[in-house]
There are 2 protein chains.
Amino acid sequence: MSAAEREMLAVLAEHGFRATRPRRAIVQALCEADAPLTLSALHRAARARYPKTGLATLYRTLEVLERCGLVHRIQLNGESYLMACADQSLHYHLVCVKCHKVVEVHAPQAEEWLGALARQHGFTMSAAPIEVRGVCAACRT
Amino acid sequence: MSAAEREMLAVLAEHGFRATRPRRAIVQALCEADAPLTLSALHRAARARYPKTGLATLYRTLEVLERCGLVHRIQLNGESYLMACADQSLHYHLVCVKCHKVVEVHAPQAEEWLGALARQHGFTMSAAPIEVRGVCAACRT
DNA sequence: GTACGTGCAAATATTTTGCAGGACC
DNA sequence: GGTCCTGCAAAATATTTGCACGTAC
């Protein structure tokens, strides 16, 4: 079990949710994916770990995970994808619109800039990842 | 007709799409909204301008507008919203998660920072708005 | 005039719900 | 042992499609 996985289950527990088999299958599938997953890809991946995982449970689990800030929906070329991110601090996700891979970036200085910018407009940024779309090195060629 | 509206119709024309009545109603509804709209709110708003606007046409028009980069889907507290933005340059959208209002911000310096950050990771940012979630001054009280 | 778009209704697909039984703490 | 969760199937929603008819260019 990866650290990310352990972390997510811990946060779930803190919020009073149980670590059931389908939930662990879904969390594991999300953590082991190397890019965001569509709903049906996630269902397939969860079933590979716990075959009885039902679609209704997947929806219900995603709602819980999103509520806890552990799962994020991102829009890529018109499709909706799901990705896990237990990190509740402000940071960036560089998302490649071609291969869909995501690089998680912490850049305190950039965050300060953005924070200052927001403050100028009376905004208080929330501690959620900021999605930045682009093309990665491998896909640019 | 607002400048944004005119701009969107011009871009549509450039892409070879016709400015039909339902499309103009949808574009106008999007441009006049002071916050992103849900699909059904947009349908209602479009119908207020051209009552015969059908739901299928709304879906088809949104696909066209998104393809042309004129409409963006944003996720807010689990709901999906649509907003118009004809500006194809890199900039930020400060989105209030309470009242849903959006402030469009151009900040060359912040963009340079972010660009440099992305380059360090081999990324080339695409010229799309970057959504930053937070709480606006009015809603913070 | 002729594509391109449309509204409508039917066909699909997606998401939610109710409930009897199972599994986590 | 008592809830909280689950799978299943049915219900409710949301989205797409086919087609005969309009209308923008």
Side-chain angles (χ1 to χ4, degrees), chain A residues 1 5-6 8-29 36-68 70-71 73 75-82, chain B residues 1 5-6 8-30 36-68 70-71 73-82:
Chain A
M1 181 155 76
E5 220 177 312
R6 216 185 310 277
M8 286 179 69
L9 295 175
V11 174
L12 272 187
E14 275 167 35
H15 286 257
F17 295 109
R18 293 181 180 173
T20 62
R21 263 196 96 177
R23 282 182 185 166
R24 282 184 320 228
I26 292 164
V27 164
Q28 190 181 30
L37 298 169
T38 60
L39 192 104
S40 63
L42 175 56
H43 190 207
R44 243 175 292 126
R47 267 184 188 302
R49 283 153 178 100
Y50 179 58
K52 281 196 283 183
T53 309
L55 201 43
T57 297
L58 176 55
Y59 280 106
R60 289 185 280 225
T61 298
L62 286 174
E63 198 194 319
V64 163
L65 292 172
E66 283 187 74
R67 242 197 190 59
C68 297
L70 296 170
V71 158
R73 259 170 223 278
Q75 212 72 26
L76 236 44
N77 315 314
E79 296 283 299
S80 183
Y81 293 84
L82 297 153
Chain B
M1 182 155 75
E5 218 176 313
R6 218 184 307 279
M8 286 180 68
L9 295 175
V11 173
L12 273 186
E14 276 168 34
H15 286 256
F17 295 108
R18 294 181 181 172
T20 61
R21 263 197 97 176
R23 283 182 184 165
R24 281 185 319 226
I26 292 165
V27 164
Q28 190 181 30
L30 281 166
L37 298 170
T38 59
L39 192 104
S40 63
L42 175 55
H43 190 207
R44 240 174 294 125
R47 267 184 188 301
R49 284 154 178 99
Y50 178 59
K52 278 196 284 183
T53 309
L55 201 42
T57 297
L58 176 55
Y59 281 107
R60 290 183 282 224
T61 298
L62 285 173
E63 199 194 318
V64 162
L65 292 173
E66 282 188 74
R67 241 198 191 60
C68 296
L70 296 170
V71 158
R73 257 169 224 279
I74 72 180
Q75 212 72 26
L76 237 44
N77 315 315
E79 297 281 299
S80 183
Y81 292 83
L82 298 153

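Convention: sequence-line order gives letters A, B, ...; per-chain numbering from 1.
Rotation axes derived from the C1' atoms of the five outermost pairs at either end of the helix from dG1(C)-dC25(D) to dC25(C)-dG1(D) lie 60° apart, to the nearest 10°.
Between the CZ atom of R49(B) and the CZ atom of R21(B) there is a distance of 12.5 Å, given to the nearest 0.5 Å.
Between L12(A) and L65(A), the closest side-chain pair of non-hydrogen atoms falls below 4.5 Å. Inter-residue side-chain proximity for T57(B) and P22(B) is flagged as met; some heavy-atom pair is nearer than 4.5 Å. By the 4.5 Å heavy-atom criterion applied to side chains, I74(B) and P36(B) are counted as neighbours. For the pair E79(A) and N77(A), the minimum side-chain heavy-atom distance is 4.5 Å or more.
Shown here are the ring-ring contact (aromatic ring centres under 6.0 Å, His included) partners of Y81(B), two or more places apart in sequence or in another chain: H100(B). Residues meeting the side chain to side chain donor-acceptor pair (under 3.5 Å) test with R6(B), sequence neighbours left out: none. Partners of R60(A) according to the salt bridge (Lys or Arg N to Asp or Glu O under 4.0 Å) rule, which considers only residues two or more places apart in sequence or in another chain, do not exist here. Listed by chain and number, the residues in a salt bridge (Lys or Arg N to Asp or Glu O under 4.0 Å) with R73(B) are E66(B) (sequence neighbours excluded). Qualifying side chain to side chain donor-acceptor pair (under 3.5 Å) partners for R67(A), counting only residues two or more places apart in sequence or in other chains: E63(A). The side-chain contact (heavy atoms from CB on, under 4.5 Å) search around E5(A) returns M1(A), S2(A), V27(A), Q28(A), C31(A), E32(A), not counting sequence neighbours.
For the segment residues 43-52 of chain A, the set of residues with a heavy atom within less than 4.0 Å of an atom of DNA chain D comprises Y50(A), K52(A), in numerical order. If you check residues 19-28 of chain B against DNA chain C, the residues with a heavy atom closer than 4.0 Å are T20(B), P22(B), R23(B), listed by number.
For DNA chain C, the contact window with chain A, defined by any atom under 4.0 Å from a protein heavy atom, covers dT14(C) to dC25(C) in 5' to 3' order.
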For residues 39-46 of chain B, tabulate all N or O donor-acceptor pairs below 3.5 Å that involve a side-chain atom, not counting sequence neighbours.
| unit_1 | atom_1 | unit_2 | atom_2 | d |
| --- | --- | --- | --- | --- |
| H43(B) | NE2 | R47(B) | NE | 3.4 |
| H43(B) | NE2 | T53(B) | O | 3.1 |

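A donor-acceptor pair under 3.5 Å links the side-chain atoms of R23(B) to the main chain of R18(B), judged by distance alone.
Of all heavy-atom pairs spanning R24(B) and A19(B), the tightest one is NH1-O, 3.5 Å. The heavy-atom pair separating H15(B) from C68(B) by the smallest distance is CG-SG, 3.6 Å.
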Notebook entry, point to check: How does protein contact run along nucleotides 15-22 of chain D, one letter per nucleotide 5' to 3', with B for base contact, S for sugar-phosphate only, - for none, heavy atoms under 4.0 Å?
Noted result: SBBB----
